[in-house]
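Within every chain, numbering begins at 1; the chains are lettered A, B, ... in the order of the sequence lines, protein sequences first and strands thereafter.
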Amino acid sequence: MSQIPKAYSPQAAEDRWYETWSAEGFFAARDASDRPAFSIVIPPPNVTGSLHMGHALNATLQDVLVRWKRMAGFNALWLPGTDHAGIATQNVVEKQLAGEGTDRHRLGRADFIKRVWKWKEASGGQIIRQLKRLGASCDWPRERFTMDEGLSRAVREVFVRLFEEGLVYRGSYIVNWCPRCHTALSDLEVEHEERKGKLYFVRYPAADGGPGVEVATTRPETMLGDTAVAVHPDDDRYKGKVGLVLALPLTGRKITVIADPAVSPEFGTGAVKVTPAHDPADFEIGRRHNLPEITVIGDDGRMTAEAGEAFAGLDRVECREKVAAALSAEGLLAAAQDHLHAVGHCYRCKTVVEPLVKDQWFVKVAPLAGPAIEAVESGRIRIVPRNWEKTYFEWMRNIRDWCISRQIWWGHRIPAWYCGDCHGERIRLMGRWGDGGTGKTSTTYTQLRTNGLSHEKIVGDMGTLIVDRDVPAVVSREDNPACPSCGGRNLLQDPDVLDTWFSSALWPFSTLGWPDKTPALETFYPTSTLVTGFDILFFWVARMIMMGLKFMGDVPFRDVYIHALVRDAEGRKMSKSKGNVIDPLDIVDKYGADAFRFTLAAMAAQGRDIKLSEERIEGYRNFANKIWNASRFVLMNVPPDLSTRNLTRETLRAGTLADRWIVSRLNAVAAEVNQALTEVRFNEASAALYHFIWHEYCDWYIELAKISLFGEDASAKRQTQTVLVMVLETTLRLLHPFMPFITEEIRQALPPLCRTQSPRGETIMLAPFPAPDGSLIDLQAEAEMSKVMGAIGALRTLRSEMSVPPSLEVTAVFSARDENVAALLGEHGGEIARLARCRPEIGVGLPRPSKSAVQILPEMEVYLPLEGVVRIEDEIARLGKEAEKVDKEVFGLAKKFENPDFVSKAPPEVVENGRARLAELAEKRQKIGESIARLSEIGREPS
RNA sequence: GGGCGGAUAGCUCAGCCGGGAGAGCGCUGCCCUUACAAGGCAGAGGUCACAGGUUCGAUCCCUGUUCCGCCUACCA
C-alpha cells in the first residue's frame with residue numbers, strides 16, 4: 001500500500017528529479033552513436049536577460065520534441081546557449097555607469113568591456129537556471145555563448161572569407177542611425193510606427209525671383225540640407241520647370257529642379273525636395289544625379305553648423321517648429337495639413353532613427369539569398385506552418401544589403417585594420433588624451449605620434465576612430481597583422497563591432513565546433529528542427545540558412561517550426577517597456593512546471609497567437625492532480641510484487657471487455673500522439689492525452705476495474721491489476737515529454753516489475769516511447785463498450801432529470817432491440833449495476849413498467865420506474881422537449897431527401913447513413929409519442 | 001501601398017481531406033459514492049461576422065463587404 005499524499009505538490013518533485021537527471025547525465029547526447037541523430041539548437045536568449053513567456057513556450061516545445069525523440073531511441077541533442085546581445089547589453093551597463101556618474105568614454109574601451117564581462121558573469125546564469133526550472137533537457141556541458149573563443153573564431157573566419165570574396169565591403173551609404181544608442185542599425189532593427197504628423201507645403205521661389213515650385217514634406221527641418229527638387233520626368237505640370245534654378249528658402253542656396261522616376265506625381269504637389277544626407281530615397285536620387293550630401297543633422301540628433309546659425313544646436317524636433325515658423329514668417333508656407341505616416345524607431349530604445357550617411361560595413365546579400373530561396377522552394381527546408389514560406393520568399397527576394405557594423409564596444413570587433421604609418425594623416429582618433437577624458441575631440445594618428453605618444457598607448461586609450469573612406473582596410477584572421485604595403489606593425493583596428501545577428505547566423509554550426517571538423521558537427525549537422533517565433537524569421541532564420549548553405553554547403557536544419565507569440569490580453573507582444581509581462585517562473589511556482597508546460601503545448605495550435613489565461617493553467621494543474629490521484633488509486637490497489645512482464649498480446653486479447661476496450665483506446669491514443677508530434681501539432685497530441693486520461697481511463701476504466709479489484713475472484717483481480725498498471729505506465733511514457741516531472745515521480749512509485757525498462761538508468765526519460773500496436777486495436781470491443789456505456793449513461797440521465805437521488809438504488813429495465821444486445825448487456829449486468837447504481841432487468845422487448853420514465857437509444861430502451869418518486873408531469877414535459885429536438889433533426893434530414901440530386905449524386909455511404917439515421921429518428925420519435933400518450937393516460941388515473 | 005492571419009457557446013480557443021457543431025473555464029441541478037470537492041454525475045447555451053457564388057450538400061472551397069490584429073514598404 002502506498003503512502004503518497006492526497007494532492008500533488010510539484011516543487012519538491014521538480015527539484016529532485018531535475019537534479020537526478022542532470023547528475024546521471026541523462027540529457028547528454030553522444031558525438032558518435034549507432035542510433036540516428038536528432039538535434040535542435042536553442043534560439044539563444046540574451047545572456048543577461050530573464051525568461052519571458054516567449055522563451056517558456058519556445059523551450060517547452062523544443063523539450064517536448066527532444067524528450068520524445070530521445071525516448072524513441074534517437075541520439076537526441078538539444079544544444080543550449082546564450083547570445084551576447086550587443087546593443088541591449090551595452091545599454092544596460094551604460095545605464096549602470098550613468099548611475100555611478102561616469103560613462104564608457106571615461107572608463108575607456110578595455111575597462112568598459114571588462115565591466116560588461118563582469119556583468120555577464122554575474123547575471124548570465126539567470127536565464128539558464130530558469131530554463132532548468134521548466135525541465136529543459138539540454139545537454140548543458142555543451143552550452144555555448146556567442147562571444148566564446150570558439151564562436152569568435154567562427155565569426156572571424158566567416159567575415160574574412162566573405163571579405164575575400166567581395167561579399168563583405170566597407171562603404172559610405174545612408175544608414176539608420178540611432179542618435180541615442182549612437183550606432184547604425186540594420187533595416188530590420190528599425191520598427192515603423194504610424195504617427196500623426198503634418199504635411200507641410202512649402203514654396204521654393206525661383207532664383208531669378210520668378211514663380212518657383214511648391215514641394216510637400218513631413219520633415220521641414222531637413223530642407224536646410226536640400227540640394228535639389230525632383231519631379232517625375234513624365235509629369236506635364238513640371239515639364240518646363242526641369243533645370244530651373246531655385247533659391248532654397250532660409251539659406252539662399254541655389255538648387256536645381258531635376259527629373260527622376262522615383263518621384264510619384266500623385267503625392268503632394270508632385271515635386272519633392274531632395275535631401276540626400278537625410279532621407280534614403282533622396283540619397284538614391286542624389287547619387288544618381290551627383291548631388292552634394294549636406295549633413296545638417298548630427299550623430300546626436302541635433303542640427304549641425306551646416307544648418308545655419310539660426311538652427312545649429314537645436315534638436316530635430318525643435319528645429320522642425322522653428323523652420324516652419326520661419327517659413328511661415330516669410331510667407332513661404334503654403335499649407336500644413338494633418339498627415340499619418342510611418343516613423344522609424346530604434347528597436348532597442350524606441351528613439352526616432354535618423355537616416356545618416358556613414359562609413360559602414362555591409363554584407364552583399366543577394367548572392368547568398370539565391371541558394372537560400374532555393375532550399376525552401378525545393379523542400380530541403382520545410383517551414384511549418386507552410387504559409388510562412390510566402391513571407392520568407394517575399395523578404396528574401398527583395399532583400400537589401402545588410403549593414404553589419406555597430407558603433408558600440410560590446411561585441412565581435414571587426415577584424416579590419418588601418419595602417420597608421422601609411423595613412424596616419426587620414427586617420428583621426430578620439431580617446432582619453434588631451435581633452436580631460438571626454439573623448440569628444442579628435443586628433444590625427446600622425447599628430448598623436450608626433451606628440452610623443454607610443455602606438456601602444458594610442459591603441460590602449462583609443463575610444464573611436466574616423467578613417468577616410470579611401471584608406472584601405474587590412475582584413476585578417478590573426479590579430480595585429482602587418483601592413484601589406486609597408487610591412488609595419490602600427491595598425492589600428494576598426495573600432496566597430498559586428499551586428500549580434502552576424503554571430504547568431506552561424507549558430508547551428510559554430511556551436512558544434514566549426515571551423516574545425518568535429519565529430520559533433522559530423523553527427524548533428526544539419527540539425528533536425530528549429531523551433532522559433534516568427535518575429536525572428538528574417539533576423540535569424542533566413543540568415544542562418546544563407547550562412548549554413550554558404551559555409552557548410554548544406555542547410556542548417558530540415559524543419560523550421562514557427563510557433564505563436566505569447567501576447568497580452570490586448571494581443572500585444574509582452575515587453576518590459578510596456579509593463580505587461582507575466583513572469584513564467586511565478587506561474588511555475590504557483591501551478592507547477594508540468595501544468596504550465598502542458599498549457600503551452602495545448603495552446604500551441606499552428607498559426608494562431610496565444611493569449612494566455614491563468615484559468616487555463618489552473619485547469620491543467622487540476623489535470624496533473626487528476627493523474628496523481630488516479631495513480632494513487634492504482635498504487636493502493638496493486639501489490640508491490642506485481643509484474644506486467646508476462647502480459648502478451650494474447651492475454652490482452654483474451655481479457656474482459658473493459659480490458660480490451662482500454663487497451664484498444666490506449667493504442668489508438670499512442671498512434672494519435674505519435675502522428676501529432678510527427679506533424680508538430682502539439683495541441684492535438686496534448687488534447688488526445690488529456691481526453692484519454694481523464695475521460696476514458698479515469699471516468700470509465702478505473703470505475704469498471706473496481707468491480708473485480710474489490711471482488712472475490714482472485715485471478716480476475718490479478719488480471720485487472722495488471723492491465724490497470726500497464727495502461728497507466730504506458731500512458732505516463734506517452735505523457736512524459738509534456739509533463740516530465742509528475743510522470744517520473746509516479747513511475748518511480750510503480751511496482752518495479754511494472755516499469756518498462758530503459759536502456760540505461762532507472763528513469764522514464766530514457767524508457768521507450770510507446771509505439772502503437774495495431775493488432776491491439778479492437779473495434780468490436782470499442783463498439784460493445786459504447787453500448788454498455790450508453791446504457792449506463794441513459795439511466796444516469798434519467799435519474800438526474802427525474803431527480804432520483806444518486807444514493808437510492810433503483811430497479812431499471814433495459815429492453816434490448818435484439819438478442820445480441822440483450823446478451824451483451826446481460827453479460828455486463830454487473831458493470832451496469834455498479835456504475836448506474838441499479839438492479840438491472842435485461843431482456844428483449846421487455847414490457848414497459850407503468851409510471852416509468854424512458855430513454856430511447858438506437859439499441860435499446862431504458863425504463864426507470866418512478867413509483868411516486870417523481871411527478872408524471874415532469875416526465876411528460878421532458879419527453880415533449882426531446883420530441884422537439886428529434887423533430888428538428890428529422891426536418892433537416894428530410895429536406896435533404898426531398899432533393900432527388902442528393903440520392904443520385906452523393907456518395908452511397910452518405911445516403912445510406914442518412915437513411916439509417918432517419919429511420920432511427922422516426923422510430924425514436926414514435927416511441928416518444930407513445931410514451932407521452934401512455935403517461936398522460938396514467939396521469940389521469942388516481943395514483 | 002503590398003502581404004498574412006483572425007471573426008465558431010458568456011469568456012479563451014480547437015475543428016486535418018466539404019457529409020450528424022467540440023474542449024477548457026464559467027453557468028445550472030444533484031452528490032463528501034472507501035483515487036481525487038483541484039472531485040463525481042447530469043444539464044443549459046451556438047442563424048459557425050455579413051452578402052453572394054460553386055456543389056446534391058458549405059463552419060470548411062471561391063468572390064465581395066465590415067470589423068480586428070500582425071508583418072512589410074524609399075509617396076516625401
Next on the checklist: Quick check on B:rC74: is either OP1 or OP2 less than 4.0 Å from any side-chain nitrogen or oxygen of A:Arg400?
Outcome noted: yes

Checklist entry - Base, sugar-phosphate, or nothing for A:Pro355, non-hydrogen atoms under 4.0 angstrom? => result nothing

Checklist entry - Taking the side chain of A:Phe538 as its heavy atoms from C-beta onward, which of B:rA76, B:rU72, B:rA35 lies nearest to it? => result B:rU72

Checklist entry - For A:Val634, which contact category applies under a 4.0 Å heavy-atom criterion: base, sugar-phosphate, or nothing? => result nothing

Checklist entry - When all nucleic acid strands are considered with a 4.0 Å heavy-atom cut-off, which category describes A:Lys390: base, sugar-phosphate, or nothing? => result sugar-phosphate

Item to check | A:Arg632 side chain, from C-beta outward: closest of B:rC75, B:rA38, B:rA35 | outcome: B:rA35

Next on the checklist: For the C1' atoms, the ones on B:rG29 and on B:rU34, what distance do you get once it is rounded to whole angstrom?
Outcome noted: 26 Å

Checklist entry - Is A:Ala687 touching bases, backbone alone, or none of the nucleic acid, heavy atoms closer than 4.0 Å? => result nothing

Next on the checklist: Distance check, P atoms only: B:rU47 and B:rG64, in whole angstrom units.
Outcome noted: 27 Å

Checklist entry - Within 45° of the axis and under 6.0 Å from the centre of the six-membered ring of A:Phe633, does NZ or CZ of A:Lys706 qualify? => result yes

Next on the checklist: Just the rounded figure in Å: distance from P of B:rA14 to OH of A:Tyr620.
Outcome noted: 12 Å

Checklist entry - Nearest heavy-atom pair of A:Glu214 and A:Thr269: which atoms, and what distance? => result O-OG1, 2.5 Å

Checklist entry - Are the aromatic rings of A:Tyr392 and A:Trp388 close, with centres under 6.0 Å apart? => result no

Checklist entry - With a 3.5 Å cut-off and just heavy-atom distances, do the side chain of A:Arg796 and the base of B:rA42 make a donor-acceptor pair? => result no

Next on the checklist: Both distances below 3.5 Å, Watson-Crick or wobble geometry, any strand: find the nucleotide opposite B:rA42.
Outcome noted: B:rU28

Checklist entry - Relative to A:Tyr8, does A:Arg621 satisfy both conditions: NZ or CZ under 6.0 angstrom from the six-membered ring centre, and within 45 degrees of the ring's axis? => result no

Item to check | A:Glu809 and A:Arg837 ion-paired at < 4.0 Å | outcome: no

Checklist entry - Is the distance between the ring centroids of A:Tyr620 and A:Phe738 under 6.0 Å? => result no

Item to check | Length of the CD-C1' vector between A:Gln855 and B:rA42, whole Å | outcome: 11 Å

Item to check | Presence of donor-acceptor pair under 3.5 Å, side chain of A:Glu394 and base of B:rA73 | outcome: no

Next on the checklist: At 4.0 Å (heavy atoms only), tell me whether A:Phe283 reaches a base, stays on the sugar-phosphate, or touches nothing.
Outcome noted: nothing

Next on the checklist: Looking at B:rG43, I'd like to know if its phosphate oxygens (OP1 or OP2) sit under 4.0 Å from a side-chain N or O belonging to A:Thr797.
Outcome noted: yes

Item to check | Pair partner, B:rU12 [Watson-Crick or wobble, under 3.5 Å] | outcome: B:rA23

Next on the checklist: Roughly how many Å apart are B:rA23 and B:rG45, using the P atom of each and rounding to a whole number?
Outcome noted: 14 Å

Item to check | Protein-nucleotide distance (A:Arg320, atom CZ; B:rA76, atom P), rounded to Å | outcome: 12 Å

Next on the checklist: Could you check whether any side-chain N or O of A:Arg796 sits under 3.5 Å from a backbone N or O of A:Leu835, counting only pairs where one atom can act as donor and the other as acceptor?
Outcome noted: yes

Checklist entry - Which nucleotide, in any strand shown, forms a Watson-Crick or G-U wobble pair with B:rU34, with both distances under 3.5 Å? => result none

Next on the checklist: Base, sugar-phosphate or nothing for A:Glu703? Non-hydrogen atoms, less than 4.0 Å.
Outcome noted: base

Checklist entry - Which part of the nucleic acid does A:Asp282 contact within heavy-atom distance under 4.0 Å: base, sugar-phosphate only, or nothing? => result nothing

Checklist entry - A:Arg837 has a side chain; which of B:rC56, B:rC36, B:rU33 sits nearest to it? => result B:rU33

Checklist entry - Between atom OH in A:Tyr8 and atom C1' in B:rA37, what is the gap in whole Å? => result 21 Å

Next on the checklist: Suppose you measure atom P in B:rA42 against the same atom in B:rC25; what distance do you get, rounded to whole Å?
Outcome noted: 15 Å

Checklist entry - Please give, in whole Å, the distance from B:rC27 P to A:Glu615 CD? => result 11 Å

Checklist entry - Where do A:Tyr591 and A:Glu614 land on the side-chain hydrogen bond (donor to acceptor under 3.5 Å, both in side chains) test, with the steps shown first? => result CA-CA 10 Å; A:Tyr591 300 102; A:Glu614 225 172 298; 2.8 Å; yes

Checklist entry - Just wondering, more than 12 heavy atoms not from A:Arg397 lying within 6.0 Å of its CZ? => result yes

Checklist entry - Under 4.0 Å: is that the gap between some side-chain N or O of A:Trp694 and OP1 or OP2 of B:rG40? => result yes

Checklist entry - Which value, in whole Å, describes the distance between the C1' atoms of nucleotides B:rA7 and B:rU59? => result 12 Å

Item to check | B/S/- contact track for nucleotides 5-12 of chain B, protein heavy atom under 4.0 Å | outcome: SSS----S

Item to check | Residue-phosphate contact under 4.0 Å: A:His691 side-chain N/O, B:rA14 OP1/OP2 | outcome: no

Next on the checklist: Using atom P in both nucleotides, what's the gap between B:rU65 and B:rG3 to the nearest angstrom?
Outcome noted: 13 Å

Item to check | Ion pair A:Arg219/A:Glu354, N-O distance below 4.0 Å | outcome: yes

Checklist entry - Given atom CZ of A:Arg386 and atom P of B:rG3, what is their separation to the nearest angstrom? => result 20 Å

Checklist entry - Which residue lies toward the 5' end of RNA chain B, A:Val190 or A:Lys273, if each is placed at its nearest nucleotide? => result A:Val190

Checklist entry - When all nucleic acid strands are considered with a 4.0 Å heavy-atom cut-off, which category describes A:Thr218: base, sugar-phosphate, or nothing? => result sugar-phosphate

Checklist entry - Would you say A:Asn637 reaches B:rA35's phosphate, i.e. side-chain N/O to OP1/OP2 under 4.0 Å? => result no

Checklist entry - Just to confirm, is there a sub-4.0 Å distance from OP1 or OP2 of B:rU33 to any side-chain nitrogen or oxygen of A:Lys706? => result no

Checklist entry - Which base, if any, makes a Watson-Crick or G-U wobble pair with B:rU55, both distances under 3.5 Å? => result none

Next on the checklist: Over all strands shown, is A:His278 touching base, sugar-phosphate only, or nothing at heavy-atom distances under 4.0 angstrom?
Outcome noted: nothing

Checklist entry - A:Met789 CE to B:rC41 C1': how many Å, rounded? => result 14 Å

Next on the checklist: Side-chain N or O of A:Lys626 versus OP1/OP2 of B:rC36: is the shortest distance under 4.0 Å?
Outcome noted: no

Checklist entry - Where each residue is assigned the nucleotide of RNA chain B containing its nearest heavy atom, which of A:Gly619 and A:Ile702 is assigned the position nearer the 5′ end? => result A:Gly619

Checklist entry - Out of B:rU72, B:rC75, B:rA38, which has the shortest distance to the side chain of A:Asn622? => result B:rA38

Item to check | Between B:rG24 and B:rA58 - C1' atom distance, rounded Å | outcome: 28 Å

Checklist entry - What orientation do A:Phe623 and A:Trp694 show, parallel under 30°, tilted 30 to 60°, or perpendicular over 60°? => result parallel

Item to check | B:rU65 - base-pair partner by Watson-Crick or wobble geometry, distances under 3.5 Å | outcome: B:rA49

Checklist entry - Of the nucleotides B:rC56, B:rA38, B:rA76, which one has an atom closest to the side chain of A:Arg621? => result B:rA38

Checklist entry - OP1 or OP2 of B:rA38 sitting under 4.0 Å from any side-chain N/O of A:Lys6? => result no

Checklist outcome for this item: Side-chain atoms of A:Ala342 come closest, of B:rA35, B:rA76, B:rA73, to B:rA73

Checklist entry - Would you call A:Glu389 and A:Arg382 a salt bridge, using N to O less than 4.0 angstrom? => result no

Checklist entry - Can you tell me how far P of B:rA42 sits from CD1 of A:Ile792, to the nearest Å? => result 10 Å

